[in-house]
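Take a look at the structure set out below.
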There are 2 protein chains.
Amino acid sequence: MRRDIFQAIADPTRRAIITLIALQAMTPNAIAENFNTTRQSVSKHLRILTECELVKQEQQGREIYYSLEVEKIKEVDQWVNQFRKIWETRFNQLDDVLSTLKKG
Amino acid sequence: MRRDIFQAIADPTRRAIITLIALQAMTPNAIAENFNTTRQSVSKHLRILTECELVKQEQQGREIYYSLEVEKIKEVDQWVNQFRKIWETRFNQLDDVLSTLKKG
DNA sequence: TACATTTGCAACCATTCGGTTTCGCAAAGT
DNA sequence: ACTTTGCGAAACCGAATGGTTGCAAATGTA
């Protein structure tokens with residue numbers, strides 16, 4: 001069962017979880033309270049997020065705090081980057097057209 | 001059947017298609033030749049990509065050329081952006097630690 | 001010790017997904 | 001007129017997905 005980050009962020013609940021724990025670590029119960037679903041369901045999502053290293057866990061007594069491995073999201077950024085060049089080039093071309101119109 | 005861009009880019013074949021047609025429009029047959037799959041399968045992927053407006057089509061005779069709507073990828077960039085702030089902040093904090101060590 | 005809380009995990013289920021096969025239609029070639 | 005080519009859509013299939021339920025393990029508390 002190969003997990004990759006793109007599959008992980010495909011699910012809207014998982015994206016919401018990521019946003020939720022981006023700033024502070026939270027327990028599965030606390031996370032589940034923010035959604036219209038069960039703790040077990042959240043637990044499954046956390047497992048997937050952990051498998052692809054988007055999330056790390058820290059045990060404290062009987063509670064487990066989950067937090068975001070924010071650096072991992074850079075992988076998505078890098079993928080987007082190859083297209084950024086394209087849309088910036090097109091913008092520059094538009095810019096050229098506009099300045100040509102201005103001069104003409 | 002609600003399509004969103006995150007679900008669209010979750011599939012590796014679809015990401016490959018996106019990269020393939022990023023620079024030049026291609027027909028389904030031409031795209032399929034680049035993969036280990038059938039034209040019909042590619043056609044299904046193209047349908048999904050079109051549904052969420054990642055791809056546009058242009059009919060030329062009996063051929064249909066598909067090309068990337070590169071601006072749409074900005075939506076992913078915007079999602080990543082909320083986390084970019086976090087990892088840049090952490091980098092600055094690390095920077096502070098390093099400069100403090102240097103001074104000390 | 002006895003009991004409650006927090007959690008992960010396995011089993012199960014309905015739905016969705018990705019792929020193949022088949023079909024029908026329209027455009028182009030002979 | 002007939003065949004070939006390029007295409008989308010529908011039917012079908014095995015696998016994966018997301019969710020629920022039930023249970024066991026570990027920790028904290030009376």
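So you know, we letter chains A, B, ... as the sequences are listed, proteins then strands, and number each from 1.
For A/Arg14 (side chain) and A/Ile9 (main-chain N/O), no donor-acceptor pair under 3.5 Å exists by modelled atom type. Side-chain atoms of A/Thr50 come within 3.5 Å of backbone N or O of A/Leu46 as a donor-acceptor pair. Between the side chain of B/Asn34 and the main chain of B/Ala30, a donor-acceptor pair closer than 3.5 Å is present. Under the 3.5 Å distance criterion, the side-chain polar atoms of B/Arg15 are matched with a main-chain donor or acceptor of B/Ala10.
Per the geometry, CG belonging to A/Asn36 stands 11 Å off P belonging to D/dG19, to the nearest Å. Taking atom CD of B/Gln59 as the reference point, atom C1' of C/dA28 lies 13 Å away to the nearest angstrom. Rounded to whole Å, atom C1' of C/dT6 lies 13 Å from atom CD of A/Gln60. One interatomic measurement links the two molecules: CZ of B/Arg3 to C1' of C/dG18, which rounds to 11 Å at whole-angstrom precision. Summarising the geometry, the separation between CD on B/Glu33 and C1' on D/dT5 is reported as 13 Å, rounded to the nearest angstrom. Atom C1' of nucleotide D/dG19 and atom CD1 of A/Ile31 are separated by 17 Å, given to the nearest angstrom. Atom CD1 in A/Ile48 sits about 13 Å away from atom P in C/dG8, given to the nearest Å. Remark: P of D/dA15 and CG of B/Asp11 are 18 Å apart, rounded to the nearest angstrom.
Ionic pairing of B/Lys74 and B/Glu71 is present here: one or more N-O contacts between side-chain nitrogen and carboxylate oxygen are shorter than 4.0 angstrom. Of the charged side-chain nitrogens involved, at least one lies within less than 4.0 Å of a carboxylate oxygen, so that B/Asp77 and B/Arg84 count as a salt-bridged pair.
Regarding contacts with the backbone of D/dG19, every side-chain N or O of A/Thr38 stays at 4.0 angstrom or more from both OP1 and OP2. At the phosphate of C/dG19, OP1 or OP2 sits under 4.0 Å from a side-chain N or O atom of B/His45. For A/Thr13 and D/dG18, the shortest distance from a side-chain N or O to OP1 or OP2 is not below 4.0 Å.
When distances run from any side-chain atom of A/Ser41 to the nucleotides C/dG18, D/dT20, D/dG18, the shortest one goes to D/dT20.
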So which protein nitrogen or oxygen atoms get under 3.5 Å of nucleotides 6-11 of chain D's nitrogens or oxygens?
{"from": "D/dC7", "atom 1": "OP2", "to": "B/Asn29", "atom 2": "N", "distance (Å)": "3.1"}
{"from": "D/dC7", "atom 1": "OP2", "to": "B/Asn29", "atom 2": "ND2", "distance (Å)": "2.8"}
{"from": "D/dC7", "atom 1": "N4", "to": "B/Arg39", "atom 2": "NH2", "distance (Å)": "3.4"}
{"from": "D/dG8", "atom 1": "OP1", "to": "B/Tyr66", "atom 2": "OH", "distance (Å)": "2.0"}
{"from": "D/dG8", "atom 1": "OP2", "to": "B/Ser43", "atom 2": "OG", "distance (Å)": "2.5"}
{"from": "D/dG8", "atom 1": "N7", "to": "B/Arg39", "atom 2": "NH1", "distance (Å)": "3.2"}
{"from": "D/dG8", "atom 1": "O6", "to": "B/Arg39", "atom 2": "NH2", "distance (Å)": "3.2"}
{"from": "D/dA9", "atom 1": "OP2", "to": "B/Arg47", "atom 2": "NE", "distance (Å)": "3.4"}

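Under the 4.5 Å side-chain contact rule for hydrophobic residues, A/Tyr65 and A/Val55 do not share a cluster.
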